[in-house]
Amino acid sequence: MCVMTKGRYLSLGFVFLVYCTTCTTSKGATGDILPDSLPSVPGTLPHFMKEPEDAYIIKSNPIKLLCRAVPALQIFFKCNGEWVHQNEHVSREYMDQNTGLKVREVLINVSRQQVEDFHGPEDYWCLCVAWSHLGTSKSRKATVHIAYLRKNFEQDPQGKEVPIKGMIVLHCRPPEGVPAAEVEWLKNEELVSSLTDDNIDTRADHNLIINEARLSDSGNYTCLASNIVAKRRSSTATVVVFVNGGWSLWTEWSLCNVPCGRGVQKRSRTCTNPAPLNGGAFCEGMSVQKITCNALCPIDGGWEEWSAWTLCSVQCERQRRRECNDPPPRHRGKMCDGPSDTTENCTGGMCTQSMDGSNDVALYSGLGAGIIAVTVLVVAVMLYRKNQSDYGVDVIDSSALTGGFQSFNFKTTRQGNPLLLNSSLQPDLTVGGTYTSPICFQDSIDNKELFDPLPDIKVKVQSSFMVSLGVADRAEYHAAKGHPPETFPRGLNRDYSNSTVERRSTKKGLLTPNGPHLNPTKDQLGTTGVFGHLGGRLVVPNTGVSLLVPHGAIAEDPSSEMFMVINQGESSVQTEEGFEILLGPEVTYGPPSIDLSKPVAMTIAHCAEVDADNWNVQLKRKTQDNKWEEVMSVEDESTSCYCLMDSSSCHLLLDQPGSYALVGEPLTQAAVKRLKLAVFGSMGSTPMDYSLRVYCVDDTPHAFQGVVATETCRGGQLLEEPKILPFRGNTFSLQVSIQDVPQFLWNIKPFTTCQEFSFSQVWCSNQQPLHCAFSLERYSPTTTQFSCKISVKQVKGHEQILQVYTSVAESKKESVLFFMQTDCTVTSQTGPKAFKIPLSIHQRICATFDTANTKGKDWQLLAQKLHLDRNLLYFAKQQSPSAVILSLWEARHQDTGDLDSLASALEEIGKIQSKSTVAKSHEEPESDSVHHFGTRSPDNPVCGMGELTNHETANSVPEYTS
């Protein structure tokens with residue numbers, strides 16, 4: 001007989017109350033195995049309201065697994081096939097208000113150690129089992145993982161340079177992790193979303209794709225990987241979207257540059273469609289095209305033959321006519337000069353005329369005027385012949401040109417730059433150097449031997465060219481009174497002038513300033529002077545700008561007051577093409593009403609490495625309506641003005657006063673302009689602060705003086721000799737960085753060690769200085785020494801290093817005077833002392849070379865020997881070509897004072913002529929004896945080749961002695 005019994009089962013620490021039906025003794029009373037099912041009683045199977053979920057252990061924090069069932073008498077967890085001990089369960093029971101059933105909830109903790117100690121074929125898992133009167137129910141398996149995210153990306157994104165509208169693909173493979181990391185993209189630290197931008201695609205393989213690159217897509221991109229454990233950032237990938245340059249449309253062909261004959265037409269285009277950007281390639285090909293053109297030459301009209309006389313009229317007159325048709329004027333030609341008809345008496349004076357006393361008065365007045373005119377003519381001829389007797393001798397065929405050409409070598413000890421704080425750090429100071437005078441006038445009477453004419457003597461000089469000088473009077477300046485204020489430009493009044501005059505003083509020939517010193521305004525810097533027939537020179541010191549007024553350019557009476565100013569403010573030159581730049585200062589000379597019979601020579605310093613293949617250099621002039629027009633291109637020939645480009649200066653021959661500027665257009669990326677680099681230092685606002693300022697400025701004296709003026713106000717000191725950096729027109733920027741700063745002695749502000757100027761800032765600076773500053777702080781007031789390197793480099797270009805060694809005082813030092821030449825006090829000179837070539841020799845050279853002869857010694861040969869044999873058409877139109885050539889030579893050699901090149905050229909011409917003369921003398925032995933230049937003669941020993949002896953002095957500097 002079976003009996004319902006009640007028993008206890010003990011197994012793994014659990015106590016179960018079970019009911020079973022047995023016919024024998026209850027074997028389970030002492031058993032230790034938990035049955036898989038229990039006897040059923042009236043009710044329902046357990047239903048799980050909450051099953052355990054997958055979980056991740058973060059670091060060492062345990063996770064909680066929760067199980068909730070109804071109706072349930074017991075709920076227990078089973079992990080990895082084993083029952084979890086009863087003590088590890090946390091149970092809770094409550095009544096469901098809706099159903100009235102009891103709800104049982106059980107919670108267990110799983111630690112990191114438990115998961116790490118499990119070594120099974122599958123992941124660590126747990127499930128829960130619930131019992132009711134009808135039986136048991138099992139929940140789903142919940143997996144437990146240890147979460148992590150490794151540090152290193154399997155693949156970092158790489159920077160790219162892509163053209164505009166190209167495709168950008170950035171690859172990213174995040175670090176290994178559990179759970180798997182999610183990837184996001186940052187651009188310049190801002191989240192990139194494909195939801196707001198259809199051009200961006202972030203795919204499931206974590207790559208970032210930009211279908212068509214835009215300029216705005218340039219930036220720094222970062223791949224961001226994250227899961228529940230941590231976030232990881234990849235290395236930054238820089239994306240640069242560049243634009244290759246494209247040519248604009250060609251402009252219309254210009255007019256033919258000559259009014260008559262064969263000339264040139266030009267058209268141009270610019271690399272602005274689009275302009276290269278972010279390192280994009282410059283346009284390939286030429287920006288300027290030239291073709292030849294033939295301008296129809298003007299044909300002046302000519303008179304036909306006179307017609308026959310008409311019949312005699314009742315007024316006793318007859319007439320005849322002629323037409324201007326042989327040939328007729330064409331192509332802007334001139335009309336015929338003279339009358340087209342004429343009338344005369346046809347009766348031989350037999351017509352009756354009324355005569356009175358007034359006719360006798362007219363007759364006698366005419367005779368008297370004729371006698372006076374003849375007398376004046378005779379006197380003029382006598383004076384002319386007397387004047388010619390002094391120096392009207394052939395320069396080459398006689399010994400007239402002796403003396404007057406001397407050059408001197410001075411032994412000088414090289415001095416340290418006065419701006420440098422430690423002159424001892426400069427190179428060897430014992431090396432001798434040859435003194436070169438700057439572009440300014442020296443207030444000294446030592447030059448009297450070089451310029452003053454010597455009376456009736458002959459001198460042997462260094463070169464083998466011998467010159468004899470006649471007596472020439474020194475010009476004396478007479479100030480003109482009552483000059484109208486219109487002779488000064490706006491902003492430059494009489495008080496602003498720094499005119500200087502040549503006066504008789506206790507020391508003859510000494511120049512003393514006249515009037516107040518020049519006080520530059522904000523926008524102008526200049527000088528003035530009063531010039532007469534003898535000419536003179538204007539110089540703006542330390543700017544590389546000067547103006548030479550040749551002898552005879554101004555009428556003898558009255559004298560004229562002239563000015564020359566430099567625009568100090570922002571240039572008014574508006575370049576039409578985006579890459580044109582100003583190569584030198586904008587200079588104005590005048591007054592506009594001055595009447596010049598000879599062109600003046602203006603010198604302007606420039607900053608271009610001149611190469612016809614890389615540069616198109618133009619001279620521009622400001623018109624009356626304040627617009628700039630092209631006067632000429634340096635490579636073209638013109639009869640309106642002359643332009644000679646040297647390595648650092650441009651020499652111009654100009655007929656018209658006005659404002660002029662040199663403008664350069666790069667034709668290729670190889671075009672170079674020179675930058676002058678300088679570093680200055682000064683104490684900061686506190687005794688512990690020190691400031692370094694690095695300047696990058698166009699390499700012209702005028703531009704650098706702007707830096708000098710700025711640093712003078714700041715009390716700055718030059719720490720290193722300025723250096724030159726070639727800057728190419730290749731659209732790459734300029735970087736300035738500070739290096740090798742002593743880290744334990746000095747502190748520099750972070751993120752300021754490298755600074756950058758864009759290409760357009762440097763290329764289009766137009767004589768305005770650029771600078772960057774480095775702020776430093778010393779840790780201790782006992783630190784008095786500072787050293788570093790300043791690197792100035794163009795990206796993919798040249799680099800210069802400025803080495804700084806200096807002592808830093810505890811208090812501010814007085815500013816060191818800059819290397820403005822203190823002896824440049826005279827800014828204008830008149831008369832012979834303003835010229836290198838004495839007036840008498842100048843006149844003899846012109847008298848000899850201006851007239852062509854069979855010997856071939858005309859002005860063209862002189863221009864060839866002085867290396868001025870281009871654009872000869874300009875010289876040919878001048879009244880005295882030789883005088884203009886010598887003026888250009890004066891302007892070109894004003895800073896050296898060396899007459900050897902002129903002497904050598906004339907000597908070479910003399911040798912050529914002497915050979916032809918010797919050959920001719922064999923054929924004509926009875927011809928008159930002529931002392932030829934460059935040949936030694938017993939009758940003229942002074943005209944022989946000068947002997948040049950090189951003596952070594954105590955300081956090993958060669959000196960020339962005659």
Side-chain angles (χ1 to χ4, degrees), residues 9-18 28 31-38 40 44-94 96 101-150 174-182 204 225-232:
Y9 285 86
L10 302 177
S11 177
L12 297 177
F14 294 99
V15 177
F16 297 95
L17 294 177
V18 299
D32 54 5
I33 302 299
L34 187 70
D36 290 336
S37 64
L38 295 175
S40 300
T44 60
L45 288 174
H47 169 68
F48 287 99
M49 300 175 64
K50 176 72 174 180
E51 294 184 277
E53 297 178 351
D54 296 340
Y56 295 91
I57 296 177
I58 301 174
K59 297 183 180 179
S60 298
N61 300 320
I63 57 98
K64 300 180 184 297
L65 296 180
L66 178 66
C67 191
R68 185 184 303 122
V70 62
L73 298 177
Q74 291 290 344
I75 300 177
F76 294 99
F77 274 92
K78 195 175 188 178
C79 294
N80 302 316
E82 295 182 358
W83 295 102
V84 178
H85 197 277
Q86 182 179 7
N87 296 337
E88 297 178 11
H89 290 72
V90 177
S91 301
R92 187 170 72 94
E93 189 177 62
Y94 60 92
D96 188 346
L101 299 176
K102 287 184 179 180
V103 178
R104 181 173 293 273
E105 183 179 274
V106 177
L107 177 72
I108 64 170
N109 292 329
V110 179
S111 67
R112 183 187 184 96
Q113 188 67 37
Q114 290 176 283
V115 178
E116 289 180 346
D117 292 343
F118 174 71
H119 301 285
E122 53 185 351
D123 295 331
Y124 191 98
W125 59 269
C126 292
L127 59 81
C128 56
V129 179
W131 280 267
S132 69
H133 296 287
L134 294 182
T136 62
S137 297
K138 293 182 181 180
S139 70
R140 63 177 296 275
K141 284 184 178 181
T143 304
V144 180
H145 298 275
I146 298 177
Y148 67 92
L149 182 63
R150 301 195 184 279
E176 179 186 352
V178 174
E182 296 181 356
S226 62
N227 64 5
I228 60 176
V229 179
K231 291 184 178 182
R232 301 284 187 257

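None of the values given here were measured: they were computed from a predicted structure.
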Practice prompt. Would you sort out whether I57 and V115 count as a side chain to side chain contact (heavy atoms under 4.5 Å, CB included), showing the intermediate values?
Written response: CA-CA 9 Å; I57 296 177; V115 178; 3.6 Å; yes

For [X] against [Y], the heavy-atom pair lying closest together:
X: I58; Y: A147; value: CG1-CB, 4.4 Å
X: W125; Y: K78; value: CZ3-O, 3.7 Å
X: A72; Y: E93; value: O-OE2, 4.5 Å
X: L149; Y: A225; value: CD2-O, 4.1 Å

Worksheet item: So, Y94 versus E105: side-chain donor-acceptor pair below 3.5 Å or not?
Response: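 Result is no, nothing qualifies.
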
Discussion item. Would you say that more than 12 heavy atoms from the other residues, nucleotides or ligands in this model lie under 6.0 Å from the CD of E182, or not?
Written reply: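 Counting neighbours around CD of E182, 12 or fewer heavy atoms of other residues, nucleotides or ligands fall under 6.0 Å, so no.
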
Worksheet item: Would you find more than 12 non-hydrogen atoms of other residues, nucleotides or ligands less than 6.0 Å from E122 atom CD?
Response: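 Above 12, so yes.
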
Judged by atom type as modelled, is there a donor-acceptor pair below 3.5 Å linking the side chain of [X] to the main-chain atoms of [Y]?
X: D54; Y: T143; result: yes
X: S137; Y: P46; result: yes
X: R104; Y: R68; result: no
X: S139; Y: C128; result: yes
X: N80; Y: C126; result: no
X: D96; Y: V103; result: no
X: R232; Y: P174; result: no
X: H85; Y: N87; result: yes

Atom [atom1] in [X], atom [atom2] in [Y]: separation rounded to 0.5 Å?
X: I63; Y: E53; atom1: CD1; atom2: CD; result: 11.0 Å
X: W83; Y: H89; atom1: CH2; atom2: NE2; result: 8.5 Å
X: I75; Y: T136; atom1: CD1; atom2: OG1; result: 12.0 Å
X: H145; Y: Y56; atom1: NE2; atom2: OH; result: 5.5 Å
X: Q114; Y: I146; atom1: CD; atom2: CD1; result: 11.0 Å
X: C67; Y: K138; atom1: SG; atom2: NZ; result: 13.0 Å

Worksheet entry | Residues R112, E116: salt bridge by 4.0 Å N-O rule |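 Looking at R112 and E116, the cut-off is met.
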
Discussion item. Closer than 4.0 angstrom, basic N to acidic O: yes or no for R150 and E176?
Written reply: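 Salt bridge between R150 and E176, a charged N being under 4.0 Å from a carboxylate O: yes.
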
Practice prompt. Using the side chain to side chain contact (heavy atoms under 4.5 Å, CB included) rule, pick out the option among V106, V110, V129, L127 that qualifies with F77.
Written response: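 That would be V106; it is the only one of V106, V110, V129, L127 passing the side chain to side chain contact (heavy atoms under 4.5 Å, CB included) with F77.
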
Worksheet item: Under the ring-ring contact (aromatic ring centres under 6.0 Å, His included) test, which residues partner Y124, sequence neighbours left out?
Response: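 ring-ring contact (aromatic ring centres under 6.0 Å, His included) list for Y124, sorted by chain: F118.
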
